[in-house]
Protein chains: 2
Amino acid sequence: MRWLPDAMGRLQAAALELFLERGYEATTVADIAERAGLTKRTFFRYFADKREVLFIGSERLVEAFVAAVTQAPAEAPPLAAMEAGLHALGDSFTAERHRFAAERAAIIASSPELQERELIKLAAMAAAAAAALRARGVGEPAATLAADAAITVFRVAFSRWVADDRPEGFRALTRESLDTLRMLAAAP
Amino acid sequence: MRWLPDAMGRLQAAALELFLERGYEATTVADIAERAGLTKRTFFRYFADKREVLFIGSERLVEAFVAAVTQAPAEAPPLAAMEAGLHALGDSFTAERHRFAAERAAIIASSPELQERELIKLAAMAAAAAAALRARGVGEPAATLAADAAITVFRVAFSRWVADDRPEGFRALTRESLDTLRMLAAAP
DNA sequence: GTCTATAGTGCGATAGAC
DNA sequence: GTCTATCGCACTATAGAC
């Protein structure tokens, strides 16, 4: 197995399998490496820690989000620019990826350690989005508030999408959540 | 030292000192226990893990928040009830506690591990707030959205308060942040 | 690729309070 | 004497150093 290609992909696949089979806590890094035909040492060459094996790839999402925010019309108000970013994210959440997303979400929900990691990834996304808003001329604290609110909308939309893949898809869920937030803010 | 009173308080004080002196990562649990005149084993009797020594007491804040939300006038819309909760929280952030809060915040800012823990504590607060809203008859996803938005407002207000203790205090910062969020949501 | 430090746990012993 | 906080030790897994 030693020089088979895609060591990282094999490690990710092995990790997902084992986490589903025996649970996250009951799986050691050595177990994952063994199933992938590699050693523990190699695992840590690819992933900074055990949790990270489930989160690699989030930088791409952040980039897509930021690019869409940056390219939104200059006259678009902050939350409208955020909505463009969310819809760019939505492109990643297609029907084909639904199964993987749901399995991954179930694993994360089973472990506080993994929830912590998820939250800090979302916080990093929010920080990047806030920076993109500031680059558009939005001041503080408006930029941080708009970015965090958008991530909240994303979390709600994502958890609904995972629980029930409606035919209208992720985009509609995002729009509904954002509308609900606007309605809440409009109430006295 | 074995039977001196307030072992937990001594451990917390020792931890804060050492984290400020040498940094969080460079401090071992054995170091903290030694300075408090106790052993590593005793540390773990009081705190589930090393990070937790900086977060004990957050349950009280959650309770205060939830109580205020529950007691808000029945006709108050969701975000108004959340505002009541935030102001109840604000009672804990007085001028006397400012120094401690700032030191603690600086330590947390220095370590990703601690930031993760802070985020999950805030998420727990948001979940409790959402439950309090549902008990008031607010449906989903409105309850989750309103609760998360309120925690966002809290984070912004808190970070501004830590950076600069203005005479108007925490309450004014909360109100300003919430007003800004409402303004953002009102824009097309 | 091995070797080590540290976090965190289980269990039994012990010291002091009452 | 009992009760309980603390301790000592042995152990595993993560993570990083050499």
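Order of the sequence lines sets the chain letters (A, B, ...), proteins ahead of strands, with each chain counted from 1.
- Among the protein residues, A:R51 comes within range of no part of the nucleic acid, since none of its heavy atoms lies under 4.0 Å from any strand.
- D:dA15 atom C1' lies 9 Å from atom CG of A:D49, rounded to whole Å.
- Regarding contacts with the backbone of C:dT6, every side-chain N or O of B:T28 stays at 4.0 angstrom or more from both OP1 and OP2.
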Return the polar atom pairs (N/O with N/O) between nucleotides 8-11 of chain D and the protein under 3.5 Å, or none.
from, atom 1, to, atom 2, distance (Å)
D:dG8, O6, B:R41, NE, 3.4

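- No engagement by A:A30 is indicated, since no non-hydrogen atom pair under 4.0 Å with the nucleic acid exists.
- Within 6.0 Å of CZ on B:R51 lie more than 12 heavy atoms contributed by other residues, nucleotides or ligands.
- B:F44 places its CZ atom 17 Å from the C1' atom of D:dA5, with the value rounded to the nearest Å.
- A donor-acceptor pair is defined here as one N or O able to donate and one able to accept, closer than 3.5 Å; no such pair exists between the side chain of A:H98 and the backbone of A:D164.
- In this structure, CD of A:E52 is placed 15 Å from P of D:dT14, rounded to the nearest angstrom.
- For the residue pair B:E96 / B:T94, a side-chain donor-acceptor distance below 3.5 Å is found, with atom types taken as modelled.
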What nitrogen or oxygen pairs link the protein and nucleotides 16-18 of chain C at under 3.5 Å?
none

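- Atom C1' of nucleotide D:dT14 and atom CD of B:E113 are separated by 11 Å, given to the nearest angstrom.
- Atom CD of B:E25 and atom P of C:dT6 are 12 Å apart (whole Å).
- Applying the 4.0 Å criterion to OP1 and OP2 of D:dT6, one finds that B:Y46 has a side-chain N or O inside that range.
- Residues B:T180 and B:E176 bring no donor and acceptor atom of their side chains to less than 3.5 Å of each other.
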Sequence neighbours left out, cut at 3.5 Å: what donor-acceptor pairs do the side chains of residues 117-133 of chain A make with other protein atoms?
from, atom 1, to, atom 2, distance (Å)
A:R117, NE, B:E116, OE2, 2.6
A:R117, NH1, A:D49, OD1, 3.1
A:R117, NH1, A:D49, OD2, 3.3
A:R117, NH1, A:E52, OE1, 2.6
A:R117, NH2, A:D49, OD2, 2.9
A:R117, NH2, B:E116, OE2, 3.4
A:K121, NZ, A:E52, OE2, 2.7

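- Partner of A:E17 under the side chain to side chain donor-acceptor pair (under 3.5 Å) criterion, chosen from A:R35, A:Q12, A:R22: A:R35.
- A:T42 places no side-chain N or O within 3.5 Å of a backbone atom of A:L38 that could act as its donor or acceptor partner.
- Under 3.5 Å, the side chains of B:Q115 and B:S111 contain no donor-acceptor pair of N or O atoms.
- Going from atom CG of A:L145 over to atom CZ of B:R182 covers 12.5 Å, rounded to the nearest 0.5 Å.
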